[in-house]
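Down below is the structure, laid out as structure tokens.
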Protein chains: 2
Amino acid sequence: MTLHSPKKRPSQKPAAPYHHGNLPEALVAATIAIIEERGVEHVSIREAARRAGASPAAPFRHFANKTALLTAVADQAMDRLKNAVEWAIAAAAHEAPLQRLEALGSAYLRWALDNPTHFQIISSRSLIDVASSERIGPANSAIRALMVGMLEEGREDGSLDPDLDIDHVVLMTRAFGYGLARMAIDGHLAEWHPSEPVADAVPKALALFMSLLRPKAR
Amino acid sequence: MTLHSPKKRPSQKPAAPYHHGNLPEALVAATIAIIEERGVEHVSIREAARRAGASPAAPFRHFANKTALLTAVADQAMDRLKNAVEWAIAAAAHEAPLQRLEALGSAYLRWALDNPTHFQIISSRSLIDVASSERIGPANSAIRALMVGMLEEGREDGSLDPDLDIDHVVLMTRAFGYGLARMAIDGHLAEWHPSEPVADAVPKALALFMSLLRPKAR
DNA sequence: CGTCTATGTAATCAGCGATTACTTTTTTGT
DNA sequence: ACAAAAAAGTAATCGCTGATTACATAGACG
């Protein structure tokens, strides 16, 4: 006890400094882990704080409430979905417009099935607050704009019936894709269509839908 | 205090007998009221018990847990949806098969928009336990069977492309209808398609979808 | 160096789902 | 008719939750 440095904390491990360093990110990561382990309905602020090594009240310094925390998770998830979609479109850049639309739908559905918990969060409107997010609304608008562009192109080159109102085609397409993803993730699909594994039925349904969009042989 | 009847309870009002009479039903009704007032995520067993005039523990004599209570609500809601759909089909009994399918879809969507809270409950797979319900699974199967019947009829009379696989058409149709209903109820539709009131967009999207199902002019 | 601010904690509140032990009523068998 | 059993209620309690308040500490910055 003579020449030892007069540190107040002689313990070996760094022993959790008073300030975490990056608590917000740690909380988001912990929340994602909870969701993946136990489902989105079991998320609790206190558990996230526990995992991040903070007190139960600490999260409230960074997130006004539980909704804000989950909205931060949703923001991150939405970025990933948007990236997945944009990457798939870029890979299909040389194809016909309705092929690219199908690629978009395929990427959307694949991402949803691969990341069901993230999909549930960005889809929820009771757990998150879309209005207070800076990413979710714009990302959805961007995806919609891509769809509109492809459909307009398809109308010009004759691969889409020119009488169709594009706004409603976009809505119909989104309703189909969203409904299919939710059915698959929430378990409705397995109940409704038990004859086939979900992973097989989803792309088949998408292909069928796209085939209806194209002009029939005449 | 002499000739009065020796009743133990001389109070004027019946004063809440020890046994409620029909607590299960009262709890289901109270739960529905809570859902409609404050949303499905604010349902609590204790609040339902309070409204039914029972102690916080009383509900557990009739429902094993919160899920069981909400499943009872869902059972009742599913009956109503099934009735709405069957009534609409009966009213269209004289029409062509794809017209009847559209009538089914229209009734489904109208019921969903008119009863958003009930729709949310029967659609949820985290709040209720479909496997332990005696109504939900069969009702869904019945609706699916109606759709299959109409589509088979449509294939025979030439109003549906005979190459289409009916199982996948049914799945696609259900995904579209379910997705559209959820988008409308959860608020996605207003975000995605802001140019038009939800109540206008839904039937238009349905009509558009049905038009794709019919053979094109050739 | 000293102060201000950001970030953390402890203590507390009301509400929740669920369980246990106990009480009261109704049903039922003889 | 009546006692025993079953059904239906209650009170008290547990551990958990979201959120708030008052206080403590660390870091940033003049």
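Computed from a predicted model, the values in this text were never measured in an experiment. Just so we're on the same page: letters track the sequence lines, and every chain starts at 1.
Atom CG in A/Leu23 sits roughly 16 Å away from atom P in D/dA26 (whole-Å rounding). One atom, NE2 of A/His42, and another, C1' of D/dT17, lie 13 Å apart when rounded to the nearest Å. Regarding B/Glu47, its CD atom lies at a distance of 7 Å from the P atom of C/dC16, rounded to whole Å. Between the CG atom of B/Leu127 and the P atom of C/dC16 there is a distance of 16 Å, rounded to whole Å. To the nearest angstrom, P of D/dA8 lies 12 Å from CZ of B/Phe63. Here the P atom of nucleotide D/dC16 and the CZ atom of A/Arg50 are 7 Å apart, to the nearest Å. We find that CG of B/Leu27 is positioned 12 Å from P of C/dG17, with the value rounded to whole Å. Rounding to whole angstrom units, CD of residue B/Glu41 and P of C/dG17 are separated by 14 Å.
Residue B/Ser55 is classed as a base contact, given a heavy-atom separation below 4.0 Å to a base.
A salt bridge does not link B/Arg144 with A/Glu191: none of the charged nitrogens is closer than 4.0 Å to a carboxylate oxygen.
Closest approach to the A/Ala54 side chain among C/dA18, C/dT9, D/dT17 is made by C/dT9 (side chain taken as heavy atoms from C-beta onward). Side-chain atoms of B/Phe60 lie closest to C/dG17 of the nucleotides C/dC16, C/dG17, C/dT9. Proximity note for B/Ser44 (side chain, C-beta onward) versus C/dG17, D/dA19, C/dT9: the nearest is C/dG17. Of the candidates D/dG18, C/dG17, C/dT20, the closest approach to any side-chain atom of B/Ala57 belongs to C/dT20. Here the side chain of B/His62 is nearest to one of D/dA8, C/dG17, C/dC16, namely D/dA8.
Ring-plane geometry between A/Phe176 and A/Phe209 is classed as parallel, the angle between the planes falling under 30 degrees on a 0 to 90 degree scale with a further cut at 60.
For the OP1/OP2 pair of C/dC16 and a distance below 4.0 Å, the side-chain nitrogens and oxygens of A/Arg46 include no atom meeting the criterion.
The local environment of CD in A/Glu36 is crowded, with over 12 non-hydrogen atoms from other residues, nucleotides or ligands closer than 6.0 Å.
Neither side chain, B/Arg182 nor B/His188, offers a donor N or O lying under 3.5 Å from an acceptor on the other.
Between the side chain of A/Asn115 and the backbone N or O of A/His118, no donor-acceptor pair lies under 3.5 Å.
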